[in-house]
> 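Here it is: the structure, laid out below.
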Amino acid sequence: MVSALIAVAFAGVLASPAWSQVDVTAAFSDDATEATTGVFVTPPVAPVTTANFARLRTSMRPITVDSPAAAMPVVVDSSGGPIEVWRTDGTRATLPLSIDPGALPAQLLVNARFHGTSTLTATESGAGSDSILFRSGPFPGLAGRELAAFPFFEQVAAIQENDIVQTAIDPVRHADRIGQTYDVYIVKHRSADQWAVDNILFDESGGIETAVVTAGGVQDNVVDAWTTGLSGAAGTGLGVAYDVVYDFGMDGTLDPGDLVDGVKYADAGVAAFDSGGVDIDEAGFYIVHDLTQPGPFATQTETEFGGSFLSQRYVFPANIANMGKLPFIQISHGNGHVFTWYAYLQEHLASYGYIVSSHANDTMPGINAASTTTLTNMEYFLGNLDTIEGGIFEGHVDTSRIMWIGHSRGGEGILRAYDRIVEGSYTPVNFDAENLVVLSSIAPTDFLGPFQSLPYGKNYHMIYGSADGDVSGTPSNNIAQALHLLDRGTGFRNLTYVHGADHNDFNCCGFNDFQGPPATQIGRDEAQRVAKAAYLALAKRYFEDNVPAKDYLWRQYETLKPIGVAPTTTVVNMYKEDGPEADTFVIDDFQSQPATNISSSGGAVSFDVTNLVEGILDDGDGSFSWTTNDPMNGMTYGRSNDSTAGVVFDYSSAAFLEFEIVAPRRDLSRGQFLSFRACQGTRHPNTTARLGDLTFDVTLRDGIGTTSTISIGVYGGGLEEPYQRTGAGIGAGWQNEFETIRIRLTDFEANGSGIDLTDIEAVRFEFGGPSSDDAVGRIGLDDVEINRGR
Amino acid sequence: MNTNDPRRIGGAVTAIALGVAIGISLAVLGTTETAHAQNAQGAVAQAESNPSAFTAVPVQNLVVAQRFVLDESYESDWSKERPEVKQGTVIVVRTDKSLLRPRQSAMPILYVNDRPAEQTNFGHESGCLVAIVAGEVDLRSARIFHGTPGTAESVDAAEGRAELEAATAAGAKAFPEARVTKALDRGGEPIRLADRGALYAQVVAKLIERFSPQEAERAELYRGFDPANR
């Protein structure tokens, strides 16, 4: 539809008669582009009002209306939708706007209210007219990293200080700027309010780069904007916030018409096209330090003995007396473990400003007993702040921000404890369920099955080693299949799956239970470096809604590995946005609709991949040996009476799997990512035939048949090959490792692909094709959805 | 009298008796091996996928039996019925250490007759378990054995009876009277304590320290259970 609109506009409206003296011109553009592809306007951060005009003016595009020989007023009006016009003094110019000849040339600002196209026309009666086609759509930002193939550039939030900062502009999206020269500034992040009062640019990267928007592709417009001296020293924070400004005025100030990556927009719903927006103070990018390194605070350790199974060890900032209220983290150890064994994690998190307690956990009788000690220790601490350690914590605990971490039986115990609160069998005295911001299990057991240890909609994280010799994941023992708990959640969930780590690597002193190829053993120190980084990101994400921390939870570890983690260490991330807050459009979760030819959202599913089976993600025969009788081989995400489900299939030549987007949901333009989780099928001949990361293509197709295709491998990595552990049958390869792949929707638009995100008809996965290195494969797939990047 | 102090029922201080118990050298402990104990670790592993395949393994020796009474009872987490523990016996048993390696998944449950005992340590290095037997128990007729792997908190009375039947059928027997008498002698007179915390701090911790010294950190933890030690 967009192309049609442009064509109509071009033929019928845009061409100015030769005799016309009226001229309307967008800043940093030219008449030729204005009349063809149009002028791109970045979407607003919120509806502009008189009150917020100063904050939002920089997102508007300046235009000049003139008619040198005007004898009559020039009337400015629009057709087609999303734009509104403001005067530079901050007053709204109601259209049609009549401008007296004496007021010409007139400077105005154009704001795009929605995504779409609109034509602005200036007309002088009897003297002709001139028009500009405005286009408004998602603006992915400027900062990121260059890719080797389409879409050639990826916008990211987190850039580590051992990396470089690259910026890029897509010369097709911004075709109106081709040939324009600009200065690249990396500036300390400012909110819209701050930009309103101070728009002077001060570059922090050691030099201003000057470049010209060049015709071609985004890959022809990449600037290495900051290559040395990056510092992520954010104190207790995670990430130093910067904005990127493309100063097209080249005057050292941010003005309308310049581009800024650091004023972000989010609205309330994927489907709600004009549901209104919210201003989110999010920088263009963040430089992040080594998350494995301690934070700025010296720590203090104290031990409290409060009675039977009320022993607690606290680690906290030593100068807590001079601090405000700090989030609280409680660790519940596992069976045979001791509460003093988590000093590494306690000290790390405390050095960033958290109070971290590890308590004696009564795990031997079972999970209910463990859950009781999780609860009683919580009550003890919060109920005795005035006396514990002489009252040192009094007034310094933020009881609205609490994280529970539990290891193994304790990892299930914390969920049981939460479940008891939810089901009403336990009523907290000194806290309530809302105070629990995030729960995290380290290699938890699953004694109690699907109905008693649930995270429900709470934010839930799991860290788990592939070489765990205890909660091993073996298909014959449901109790030892930790991943069950993850899939029982209904809120935000993420997994940090660490190759070569065993069960006791995540404490100081448990015995070595490593089970796997000896050469893959990463050791306790390395496993704990991974854990320290993961938990710091987790705390920052959920306690503070830290933006770059999110990147560590979902991006491929190959492309965002904490600096202190060894280059050879393999970690698989899974991240799912779920629950009402996520506002996710689920294309297919494979649960509510068991038919293989209909998705859970009601769209048609078509395929020519082979041996496609949809079902519960539960290995059916207790062995990881591959057999055609057990299509869910390697799946350890649920018991037979769990509800988690997915699809498995294989291919030996080019094949596809396509999901139709139902008509009411085809406008994906306000979504951030196409997201899904996928894994390789362990020990399947197609997996063992080519051990390594597996890649394939993802294609969007719009309503007029335009397609845009991205290989998941372009971002680095792919679907990790299963950890090559033996046992539990014949062959090598342990449990299937679901890994989240998220592709930014705007990436499909790169370089003028022509895809219309407002009218996406289908998401198509293409395997074994010419752009893939992997001619054969066995894959599990789940949770195909459009999410908000939250 | 300080109610946190160990007291013998009837007023006689039991510290001496306890001292006798914990003064026993590990070297003098019995080392009876049983056929059931052989390949026990393999049996545990096998039981992961098929718990019913596990054959009960009797403990090898009863080393100490210390009876106690509490001023304040506590609710036990060690069976589904969650009985109140007002009195009982702390026992030290020697067993096949290959059964005892701490695990997160199901471990063989220590039974005294048809009820799980409150196991307080792991004993995987020493081979010695310190456990609390709730209520009255006649150790001269008691079968003490490792039953089907699981968690004690989920065992109900019917399951406990089935475990005992299975163990008896598998050859579990009561210890000879002389051995039980010796264990009781080592334990000494019954002891009266304030509560569970005191039991752990003043009896269990010392027994662990003595018979399973590798678990000194656990003994130290239990010492902290008694408010008197804070």
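So that the names make sense, note that chain A is the first sequence line, chain B the second, and so on, each numbered from 1. A quick note: this is a predicted structure, and the numbers were derived from the prediction, not measured.
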> With Thr627(A), which residues qualify under side chain to side chain donor-acceptor pair (under 3.5 Å), at least two apart?
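Partners of Thr627(A) by the side chain to side chain donor-acceptor pair (under 3.5 Å) criterion come out as none, since no residue qualifies.
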> Heavy-atom distances under 4.5 Å only: say whether Thr120(B) touches chain A with side chain, backbone, both or neither.
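The backbone, not the side chain.
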> Just by distance, do the side chain of Glu153(B) and the backbone of Ile367(A) share a donor-acceptor pair under 3.5 Å?
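A pair under 3.5 Å: yes.
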> Say you draw a straight line from CD of Gln104(B) to CD1 of Ile442(A); how long is it, rounded to the nearest 0.5 Å?
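Rounded to the nearest 0.5 Å, the CD-CD1 separation comes out at 11.0 Å.
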> Measure the spacing between CD of Glu75(B) and OG1 of Thr372(A) and express it to the nearest 0.5 Å.
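The distance works out to 9.0 Å.
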> For Met364(A) and Asp77(B), run side chain to side chain contact (heavy atoms under 4.5 Å, CB included): C-alpha distance rounded to whole Å, both residues' side-chain angles, the deciding distance at 0.1 Å, then the answer.
CA-CA 9 Å; Met364(A) 276 197 269; Asp77(B) 290 318; over 6 Å; no
> Quick one: does Phe309(A)'s side chain get under 4.5 Å of Arg196(B)'s, heavy atoms only?
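The answer is yes, as the side chains (C-beta and beyond) meet within the 4.5 Å cut-off.
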> Which pair of non-hydrogen atoms, one from Phe511(A) and one from Arg101(B), has the smallest distance, and what is that distance?
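Nearest pair, atom of Phe511(A) first, then Arg101(B): CD1-NH2, 2.8 Å.
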> Heavy-atom pairs under 4.5 Å with chain B: which of Pro365(A), Gly411(A), Gly336(A), Pro475(A) has the most?
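Top option by heavy-atom pairs under 4.5 Å: Pro365(A).
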> Within the structure provided, determine whether Ser105(B) and Val471(A) are in side-chain contact (heavy-atom separation under 4.5 Å).
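The answer is no, as the side chains (C-beta and beyond) never meet within the 4.5 Å cut-off.
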> For the OG1 atom of Thr151(B) and the CG atom of Asn335(A), what is their distance to the nearest 0.5 Å?
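One gets 10.0 Å once the value is rounded to the nearest 0.5 Å.
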> Side chain, backbone, both or neither: which part of Thr445(A) has a heavy atom under 4.5 Å from chain B?
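Contact with chain B: side chain only.
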> May I ask you to name which of Ile109(B), Asn121(B), Val155(B), Leu199(B) has the most heavy-atom pairs under 4.5 Å with chain A?
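Highest number of pairs under 4.5 Å: Asn121(B).
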> Could you look at Asp362(A) and say if it's the side chain, the backbone, both or neither that has a heavy atom under 4.5 Å from chain B?
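The side chain, not the backbone.
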> Hey, which of Ser308(A), Gly366(A), Ala360(A), Ala443(A) has the most heavy atom pairs under 4.5 Å with chain B?
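So the answer, after comparing Ser308(A), Gly366(A), Ala360(A), Ala443(A), is Ser308(A).
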> Could you please state which residues from residues 337-344 of chain A sit under 4.5 angstrom from chain B, measuring non-hydrogen atom to non-hydrogen atom, sorted by number, or 'none'?
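Checking residues 337-344 of chain A against chain B gives His337(A), Val338(A), Phe339(A), Thr340(A), Trp341(A).
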